[in-house]
Amino acid sequence: MTRGTHLAAAGALAALALLAGSGPPAAAPTAPDAPAAPAPPETRLVGYESCGEALAGLRAAAGAAVGPWGLNDRDVAWVAKAGTGEARLDVAAAPAPEHSTTNVHEVGADEPDLVKTDGRRIVTISQGVLRVTDPATRRTTGRLDLADDTLVDQHRERSLLLHRDRALVLSGPGGMRFRTADEQATGEGTRLTLVDLTTTPAVLGTYSIDGALIDARQSGATARVAVRSDPRLDFRLDPRAGDAERIAANRSVIASAPIDAWLPAYEWSAGQERHHGRVGCERLSRPADATGTSLVTVLSFDLAAERIGDGDPVSVAADAATLYGTANSLWLAGERRPVHRPRPNFWGGRPAEVSTVIHQFDTANPGPPRYLASGSVPGWLVNQYALSEWQGDLRVATTVDGARGRSTSESAVYVLRRQGGTLQQVGAVSGLGPGERIHSVRFLGGIGYVVTFRQTDPLYALDLTDPTKPRVTGELKITGYSAYLHPLPDGRLLGVGQEADRRGRTQGLQVSLFDVRDPARPLRLDRYHVPRAWSAVEFDPHAFLYHSETGLVALPVDRGVRLLRVTATGIGELGQVTHPGVGEGTLNRAVLVDGTLWTVSAAGLRASDPTNGRSLAWLPAT
């Protein structure tokens, strides 16, 4: 049953212009050091001419992809959403006090997080409650409860984007909880709330859409949100039947499904107004090898507006779990595997045939993104840091697992260049970490660093200045691994991860200071080790805080925040900040405002002296 109406014909023509590619892709040139791999299938996006064509294509693709247990025999995505940069948010009036910003991947592309500050206010979201704190007076000045009492809401994960006096709260199902078709059909997937912070926090509007939140990026006042939705198909799975019989029954369900089973429904509000709609099939495009198992929808919102609007949605018949954004581009990446292949094991092993499909969109202007090109590379991504745009090219670091699992795996870095509607490989360097997998990647201009690990931690330094001939310039082997790499001044690099013994068994938190000035001889200058401990930074670099002027590093470690000072040659501990009553891993954010360190947990906010951790004020959550 359809809720709402399709978009107007004028919008359909505009959407096709935004998404559809033109012309057949040319064959990719052979890179000199690329691992042997079959030529990737065509991934250029094309639009559907009609809803009938869209339905026929989706039914055929889903029918070919369905297995005996439905369409869910694919990866559970474990994606680190992370970043690093010091881009400052726009402010309206007098200069704000000096303040830190969210640790993001690219300057000019802000990322959602649990806390945001513009120097005048600190905005946090925890357990469904948005709180505003005045750092000058050290008082809580606003509170807005966005939670409800439903079971669905209790499992939601929330994050924030901030633009002047507007906050956008992003909410999606948390963890790996199974979502039923009923939850999707009633908009219980991704929920967005636009909040006015001018005085007392107040809701300006809400937006709900079928599907799971992938991620979001913000440039200026424009926020773009990516959502993945699965088709709502009522498979009747009989455990007594054989595989062939179950597949035939599932294909019968797919063959009779309407187009609305795939197209996500949405609803939005502004004050007392309520609006309903569904992404029109005229706003849907597909790659040539679409599986029909999921759709990715990109929404665009103006955070300076008084109304949240319908998001101006555009959709792609594809799967994606990783979003990478710059100030002018948006990249969506997802894995493609042979039909009916098993999902990866807990440790990340995938079949050798897995490849990563990447779609590029132009986001230089406000409004919906404009599709540019698509391509693919062998292997799988560790997270968004495995992608990097530089001088118009995209660098991609992946791990390819061998036929016998990780013991024969290796990693590579590929350079892709847009030629027409295709991202073509122009260079590659392979053979990184035989028998290991990538744990972290950092691209810095024409240089790249890749950490692989199984028993020891090779840190590879790469020269990428000639995109057609990328090469390894140096390698450092130490025990343990870095899960996150952060650039420091004067040719230094900081790694946060785990120490390990010679057998590869982890031994606790390890922070490593590397000297990478000589690309042929990367060195480790110092390390900081906390036995049997871990840091949220290993999984979410938003939790990392670095202040370049003082060398301060704030790391959540177990139940507190460790304050470190990093110099040109060493790492020293300054102090520690704790909160009353917090559990392990729940004190996971720190920001600097006007020389004061603010740490954030579900229990409240603490103001501290960043030079020693001494408490200055405690604001309990109420």
Test item: [X] side-chain N/O and [Y] main-chain N/O as donor-acceptor pair under 3.5 Å:
X: His529; Y: Gln507; answer: yes
X: Thr399; Y: Ile438; answer: yes
X: Glu389; Y: Gln391; answer: no
X: Arg492; Y: Ala568; answer: yes
X: Ser608; Y: Pro610; answer: no
X: Thr398; Y: Leu381; answer: no
X: Thr117; Y: Gly119; answer: yes
X: Glu335; Y: Thr356; answer: no
X: Ser535; Y: Pro556; answer: yes
X: Glu573; Y: Leu563; answer: no

**Request:** Applying side-chain hydrogen bond (donor to acceptor under 3.5 Å, both in side chains), run through Ser512 and Arg524 and close with a yes or a no.
**Result:** CA-CA 7 Å; Ser512 297; Arg524 184 164 71 176; 3.2 Å; yes

[X] bridged to [Y] by N-O distance under 4.0 Å:
X: Arg164; Y: Asp118; answer: no
X: Arg228; Y: Asp215; answer: no
X: Arg139; Y: Asp134; answer: no
X: Arg437; Y: Glu410; answer: no

**For Arg532, all residues meeting salt bridge (Lys or Arg N to Asp or Glu O under 4.0 Å), sequence neighbours excluded** = none

**Request:** Apply salt bridge (Lys or Arg N to Asp or Glu O under 4.0 Å) to Arg589 and list each qualifying residue two or more places apart in sequence or on a separate chain.
**Result:** Asp113, Asp540

**Asked** Given Leu564 and Leu552, is the side chain to side chain contact (heavy atoms under 4.5 Å, CB included) satisfied, shown in steps?
**Response** CA-CA 6 Å; Leu564 310 179; Leu552 171 71; over 6 Å; no

Which pair of non-hydrogen atoms, one from [X] and one from [Y], has the smallest distance, and what is that distance?
X: Gly325; Y: Ala109; answer: O-CB, 3.6 Å
X: Leu587; Y: Arg559; answer: CD1-O, 4.0 Å
X: Gly108; Y: Ser219; answer: O-OG, 3.0 Å
X: Tyr460; Y: Gly433; answer: OH-N, 2.9 Å

**Request:** Walk me through it: do Arg418 and Asp393 pass the test salt bridge (charged side-chain N to carboxylate O under 4.0 Å, His left out)?
**Result:** CA-CA 7 Å; Arg418 181 164 65 91; Asp393 295 329; over 6 Å; no

Mind checking whether [X] and [Y] have side chains closer than 4.5 Å, heavy atoms only?
X: Leu574; Y: Thr611; answer: no
X: Val227; Y: Val296; answer: no
X: Phe361; Y: Leu332; answer: yes
X: Tyr414; Y: Val429; answer: no
X: Leu476; Y: Pro458; answer: no
X: Ile447; Y: Trp390; answer: no
X: Leu513; Y: Val566; answer: yes
X: Leu555; Y: Val511; answer: yes

**Asked** Taking the six-membered ring for Trp, are the ring centroids of Tyr484 and Phe544 within less than 6.0 Å of each other?
**Response** yes

Rounded distance (nearest 0.5 Å) linking atom [atom1] of [X] with atom [atom2] of [Y]:
X: Leu605; Y: Ser126; atom1: CG; atom2: OG; answer: 9.5 Å
X: Leu545; Y: Leu592; atom1: CG; atom2: CG; answer: 5.0 Å
X: Leu525; Y: Thr569; atom1: CG; atom2: OG1; answer: 7.0 Å

**Prompt:** Do Asp463 and Thr465 have side-chain atoms, one donor and one acceptor, less than 3.5 Å apart?
**Reply:** yes

**Message:** Is a donor from one side chain sitting under 3.5 angstrom from an acceptor on the other, for Glu98 and His547?
**Reply:** yes

**Message:** Over 60° means perpendicular and under 30° means parallel, so tell me whether Tyr324 and His105 are parallel, tilted or perpendicular.
**Reply:** tilted

**Asked** Using 30° and 60° as the class limits, which term best fits the ring planes of His579 and Trp618: parallel, tilted or perpendicular?
**Response** perpendicular

**Message:** Set out, in order, the CA-CA distance, both residues' side-chain angles and the distance that settles side-chain hydrogen bond (donor to acceptor under 3.5 Å, both in side chains) for Arg131 and Thr124, then state yes or no.
**Reply:** CA-CA 5 Å; Arg131 293 179 175 85; Thr124 62; 5.4 Å; no

**Request:** Starting from the C-alpha separation in whole Å, work towards a yes-or-no answer on side-chain hydrogen bond (donor to acceptor under 3.5 Å, both in side chains) for Ser615 and Arg606.
**Result:** CA-CA 7 Å; Ser615 179; Arg606 186 182 294 283; 2.8 Å; yes

**Item:** Steps toward side chain to side chain contact (heavy atoms under 4.5 Å, CB included) verdict (Arg156, Gln127)
**Value:** CA-CA 9 Å; Arg156 287 186 171 274; Gln127 299 177 331; over 6 Å; no

**Request:** Please lay out, stage by stage, how Val396 and Ile358 fare under the test side chain to side chain contact (heavy atoms under 4.5 Å, CB included).
**Result:** CA-CA 10 Å; Val396 187; Ile358 304 166; 3.8 Å; yes

**Message:** Using salt bridge (charged side-chain N to carboxylate O under 4.0 Å, His left out), reason through Glu499 and Arg527 one step at a time and then give a plain yes or no.
**Reply:** CA-CA 10 Å; Glu499 172 64 293; Arg527 73 164 193 145; 2.8 Å; yes

**Request:** May I have the step-by-step check of side-chain hydrogen bond (donor to acceptor under 3.5 Å, both in side chains) for Thr468 and Asp466, ending in yes or no?
**Result:** CA-CA 5 Å; Thr468 65; Asp466 183 348; 2.7 Å; yes

**Prompt:** Where do Leu616 and Thr596 land on the side chain to side chain contact (heavy atoms under 4.5 Å, CB included) test, with the steps shown first?
**Reply:** CA-CA 9 Å; Leu616 304 175; Thr596 298; 4.2 Å; yes

